[in-house]
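The sequence lines fix the lettering, A, B, ..., with proteins before strands; numbering per chain opens at 1. Because only heavy atoms are used, hydrogens play no part in the values below, and waters and symmetry mates are left out as well, while side chains stay in.
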Protein chains: 2
Amino acid sequence: MSDKTSTRNRILRAARKAFADKGRDGVSMSEIASEAGVQKALIYYYFPSKEDLFFEVWQYSLDELEDHVFAETGSENVYLRKLKKLLRSYISFITSRDEVRRIMERERANIASHPESTWSRVRERYLALRSKISSIIEGAKSEEKIPKDVDSEDAADLIINAMNASQGTDGLESIGEIIWRGLVSQDK
Amino acid sequence: MSDKTSTRNRILRAARKAFADKGRDGVSMSEIASEAGVQKALIYYYFPSKEDLFFEVWQYSLDELEDHVFAETGSENVYLRKLKKLLRSYISFITSRDEVRRIMERERANIASHPESTWSRVRERYLALRSKISSIIEGAKSEEKIPKDVDSEDAADLIINAMNASQGTDGLESIGEIIWRGLVSQDK
DNA sequence: TTTTTTACTTACCGGTCGGTAAAATACTAG
DNA sequence: CTAGTATTTTACCGACCGGTAAGTAAAAAA
């Protein structure tokens, strides 16, 4: 956390914005430096490499998302209610923190495909988030509120991808509603 | 369609594979050339620029997708049935043509954000596809089979994004089912 | 047979990339 | 004030980027 105005944090904020705009491999270190108002070499004083800088942004962003999204799920003891709250929190978080949404949207193809080592830490952090969501869905399945033929991990991916791909607030609500109905509707 | 084995087509196929793997701006012309077994300069003999090469791949891919996905919708006169067939065709197309799926997955953030001129043609072609899908959803709404509070364009985006983000065949089916149920479920 | 066009190669260009070494400046303790 | 350390700048590196210039061998057209 430390000082909000420290050089290191200025770099991190500039990096987050730049990564959200152009993706990890689409942005140059000099662009980030210029955005942060520092010389490029100074970034390497605080971060060993571009990859590490990105990973810190990624980690911090997903931590924030997780904290916000699971903040209220603990107070519920019915899994279906946990899920409902999670969806609502997801929408509210993404609405207020658009950069996080855009970073996840930007990099999801890299998470999904590449077995490249440069993406493995990033993917692992993502899978940890997905796992926390899918276990709530799993719980709702055991309550018989969600059909057994729904795969929890696929459903968690769907929630994350669909939400992150949406842009306006209204679109988010609309998509959240479709997914919710799709999850809870019992097959005939 | 000309000769399948022509040099130009070899380049196009290599480009499609490379773009699917690394994205338009993540792949170099020399990589494409090497994949196609030609010299880099020869690519510039057939295509004026990387951007144009990508656009031809993009255009062709979305044409193929559209052709396949709307092939059977004309035979139905109930919009809800059109939509059902569309979802099924989408799944079958993406299963057999994974590269197309990966290209769309890779570039969707660029379509969504950038007002950059390099992406405008690409985005326009995408919007044409989305428009064809959303008009079917609009039709199903007027049949009162899909709730009025569903925004057709958001729903079309959801279908495309969610399907393109999915990987295995089983995951595709699972996600297609959730979206279908979410669309047709009437609000209580 | 001469001319033109097509298909393709080699060699190169200016520019940008991620990253580094070392000098200069600012800060802090004695 | 001074020595040392933490921070920041300047100047640079080799690799690679998208793209081009110039030329060539063979085929097609005249």
Side-chain angles (χ1 to χ4, degrees), chain A residues 1-58 103 106-107 110 114 116-122, chain B residues 1-58 103 106-107 110 114 116-122:
Chain A
M1 317 281 163
S2 69
D3 188 5
K4 271 274 187 196
T5 66
S6 73
T7 303
R8 192 169 192 278
N9 281 342
R10 289 227 322 286
I11 294 171
L12 277 171
R13 278 202 307 276
R16 175 146 75 180
K17 179 175 189 298
F19 289 143
D21 285 344
K22 306 191 178 183
R24 189 191 78 173
D25 295 342
V27 87
S28 69
M29 292 298 266
S30 19
E31 284 178 280
I32 296 172
S34 145
E35 179 82 28
V38 301
Q39 298 297 322
K40 185 183 65 165
L42 188 54
I43 301 181
Y44 287 92
Y45 176 74
Y46 289 101
F47 304 92
S49 70
K50 192 191 193 184
E51 190 186 323
D52 287 279
L53 171 58
F54 175 79
F55 183 67
E56 187 155 332
V57 168
W58 181 259
I103 289 178
R106 277 256 165 229
E107 311 300 351
N110 293 316
H114 288 241
E116 283 186 36
S117 63
T118 39
W119 290 105
S120 60
R121 280 187 294 171
V122 177
Chain B
M1 292 281 172
S2 73
D3 187 4
K4 270 275 188 192
T5 66
S6 73
T7 303
R8 193 170 191 276
N9 280 343
R10 289 227 322 286
I11 293 170
L12 277 172
R13 278 202 307 276
R16 175 145 76 180
K17 179 175 188 299
F19 289 143
D21 285 344
K22 306 193 180 182
R24 188 191 78 174
D25 296 341
V27 86
S28 70
M29 292 298 266
S30 19
E31 283 179 280
I32 297 172
S34 145
E35 178 83 29
V38 300
Q39 298 296 323
K40 185 182 65 165
L42 187 56
I43 301 181
Y44 287 93
Y45 176 75
Y46 288 103
F47 305 92
S49 70
K50 192 192 195 183
E51 190 186 324
D52 287 279
L53 172 58
F54 175 78
F55 184 66
E56 187 155 330
V57 168
W58 180 259
I103 289 178
R106 276 254 166 229
E107 311 300 351
N110 294 316
H114 288 243
E116 281 186 37
S117 62
T118 38
W119 291 105
S120 60
R121 280 187 295 173
V122 177

With [X], which residues qualify under salt bridge (charged side-chain N to carboxylate O under 4.0 Å, His left out), at least two apart?
X: B:Arg106; answer: none
X: B:Arg121; answer: B:Glu51, B:Asp52
X: B:Asp21; answer: B:Lys17, B:Arg102
X: B:Glu56; answer: B:Arg8

So, OP1 or OP2 of D:dT8: does either fall under 4.0 Å of a side-chain N or O from A:Tyr45? no
Footprint ends on DNA chain C, 5' to 3', for atoms under 4.0 angstrom from a heavy atom of chain B, come out as C:dT6 to C:dT10
Check the distance between D:dC17's P and B:Glu51's CD and give it to me in whole angstrom.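 Those two atoms, CD and P, are 19 Å apart.
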With rounding to the nearest 0.5 Å, note down the distance linking NZ in B:Lys50 to CG in B:Asp25. 5.5 Å
Per-nucleotide protein contact string for nucleotides 23-29 of chain D (B base, S sugar-phosphate only, - none; heavy atom under 4.0 Å): -------
Tell me which donor-acceptor pairs under 3.5 Å the side chains of residues 28-36 of chain B have, and how far apart each pair is, sequence neighbours excluded?
from: B:Ser28; atom 1: OG; to: B:Ser30; atom 2: OG; distance (Å): 3.3
from: B:Ser28; atom 1: OG; to: B:Glu31; atom 2: N; distance (Å): 3.2
from: B:Ser28; atom 1: OG; to: B:Glu31; atom 2: OE1; distance (Å): 3.3
from: B:Glu31; atom 1: OE1; to: B:Ser28; atom 2: N; distance (Å): 2.9
from: B:Glu31; atom 1: OE2; to: B:Lys22; atom 2: NZ; distance (Å): 2.5

Step by step, work out the side chain to side chain contact (heavy atoms under 4.5 Å, CB included) result for A:Arg24 and A:Trp58. CA-CA 10 Å; A:Arg24 189 191 78 173; A:Trp58 181 259; over 6 Å; no
Please list, by residue number, the residues of residues 24-44 of chain A whose heavy atoms come closer than 4.0 Å to an atom of DNA chain C; answer none if no residue qualifies. A:Val27, A:Ser28, A:Met29, A:Ser30, A:Lys40, A:Ala41, A:Tyr44
Taking ring-ring contact (aromatic ring centres under 6.0 Å, His included) as the cut-off, I'd like each qualifying pair that reaches into residues 16-51 of chain B, sequence neighbours left out, listed once.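 Passing the test, one end in residues 16-51 of chain B: B:Phe19-B:Phe54.
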Base, sugar-phosphate, or nothing: which does A:Phe47 touch, judged by heavy atoms less than 4.0 Å apart?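 No contact at all - A:Phe47 keeps every heavy atom at 4.0 Å or more from the nucleic acid.
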Side-chain (B:Trp119) to main-chain (B:Asn110) donor-acceptor, under 3.5 angstrom: no
Stepwise side chain to side chain contact (heavy atoms under 4.5 Å, CB included) test for B:Arg13 and B:Arg16: CA-CA 5 Å; B:Arg13 278 202 307 276; B:Arg16 175 145 76 180; 5.5 Å; no
